[in-house]
Amino acid sequence: MNESITLNYDVDSSDFTRAGEASSNVKRTLKLMDVDPEIVRRVAISLYEGEINMVIHSYGGEIKVIITPDEIEMVLRDKGPGIEDTELAMKAGYSTAPDNIRSLGFGAGMGLPNMKRYSDDLKIESKVGVGTTVRMKVYIS
Amino acid sequence: MTIKDVRDALRARYICGEELEGREVHSACGSDMMSDVLAFVKDRAVLLTGLCNPQVIRTAEMMDIVCIVFVRGKMPDDIMIEMAKEREIVLLSSGHRMFSACGLLYEKGLRGGAPYR
């Protein structure tokens, strides 16, 4: 693999049944490209947690995944509502998800901690009323 | 341990993937919270859960989990079964409750991996 590949997906908010389709597609693509299975798993988990967060918390948005020979960069950009306190949101166990989301198996306050755990680099930019952009990188080499 | 050994220990029944019962299982995780499952990385794991929605299959897919056991006799719907078949994930249903199901597999030598750090 010498060239870079960019994958783009739209994410609908509140469509919980379809949540994870983008992550699933990225995982399949990376497997077909013969990327190391451990790297593939780390990308899949980080992206899936991010995608689930977009479905649960945002008004929808888009995911861009850029695959190069050296790294996989994931950019998740939503249309709001934005995170009031990103430091607090990063704390394991902290969640603003409603009870109905917990009954679906998410909202345990582990999403962002898991994204940090499995990616090599995580950056969150958020403005209340505007939106949130999450950038994650997993290095291949 | 193989998937067949898991099935036998839990007196579970196959929902799909019986033809894959010879596949090896190296560790297990029991939870209804999928983010807890996603914090657990182990190769060739079996997931025990009482949760029954498509995100259980997706979580298993992301984690390369080879087998899902639905405890308390829970049964996935057709969409979930189709998703599992496409991803070659074996689905089992057991009448045991979560605690007993985990205990039975632990007794057979299956472990949960290192403590969370």
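Everything numeric here is computed off the predicted structure, so don't read it as measured data. Just so we're on the same page: letters track the sequence lines, and every chain starts at 1.
- The part of A:Glu38 that comes within reach of chain B is its side chain, from C-beta onward, which places non-hydrogen atoms under 4.5 angstrom from that chain.
- When heavy atoms are compared at a cutoff of 4.5 Å, B:Asn53 approaches chain A solely by way of its side chain, counted from C-beta outward.
- With a threshold of 4.5 angstrom between heavy atoms, A:Tyr118 approaches chain B through side-chain atoms but not through N, CA, C or O.
- Of the N and O atoms on the side chains of A:Ser4 and A:Thr68, not one donor lies less than 3.5 Å from an acceptor on the other residue.
- Between the side chain of A:Asp78 and the backbone N or O of A:Gly131, no donor-acceptor pair lies under 3.5 Å.
- Between the side chains of A:Asn100 and A:Ser103, no donor N or O sits under 3.5 Å from an acceptor N or O.
- In terms of heavy-atom pairs under 4.5 angstrom with chain B, the leader among A:Thr17, A:Ile45, A:Val40, A:Val43 is A:Ile45.
- B:Glu21 and B:Tyr14 share a side-chain donor-acceptor pair at under 3.5 Å.
- Side-chain atoms of B:Thr2 never come within 3.5 Å of backbone atoms of B:Arg23 as a donor-acceptor pair (strictly under, hydrogens ignored).
- Among B:Arg58, B:Met34, B:Met33, the residue making the largest number of heavy-atom pairs under 4.5 Å with chain A is B:Arg58.
- Classification of A:Arg42 and A:Asp120 as a salt-bridged pair holds, one side-chain N sitting under 4.0 Å from a carboxylate O.
- For B:Glu82, there are no side chain to side chain donor-acceptor pair (under 3.5 Å) partners two or more places apart in sequence or in a different chain.
- For the residue pair A:Thr133 and A:Glu125, no side-chain donor N or O sits within less than 3.5 Å of a side-chain acceptor on the partner.
- For A:Arg18, the part lying under 4.5 angstrom from a heavy atom of chain B is the backbone only.
- We find that A:Lys91 and A:Asp85 are not joined by a salt bridge, their nearest charged nitrogen and carboxylate oxygen being 4.0 Å or further apart.
- Residues of residues 53-66 of chain A having a heavy atom under 4.5 Å from any heavy atom of chain B: none.
- Only the side chain of A:Ile52 comes within less than 4.5 Å of a heavy atom in chain B; its backbone stays farther off.
- A donor atom on one side chain and an acceptor atom on the other are not found under 3.5 Å apart for A:Asp70 and A:Tyr139.
- Within the 4.5 angstrom heavy-atom criterion, only side-chain atoms of B:Leu51, from C-beta onward, approach chain A.
- Under the 3.5 Å distance criterion, the side-chain polar atoms of B:Arg111 are left unmatched by any main-chain donor or acceptor of B:Ala28.
- When heavy atoms are compared at a cutoff of 4.5 Å, A:Tyr48 approaches chain B solely by way of its side chain, counted from C-beta outward.
- Heavy-atom pairs under 4.5 Å with chain A were tallied for B:Glu61, B:Met63, B:Gln55; the largest tally goes to B:Gln55.
- Of the atoms belonging to B:Thr59, heavy atoms from both backbone and side chain fall under 4.5 Å from chain A.
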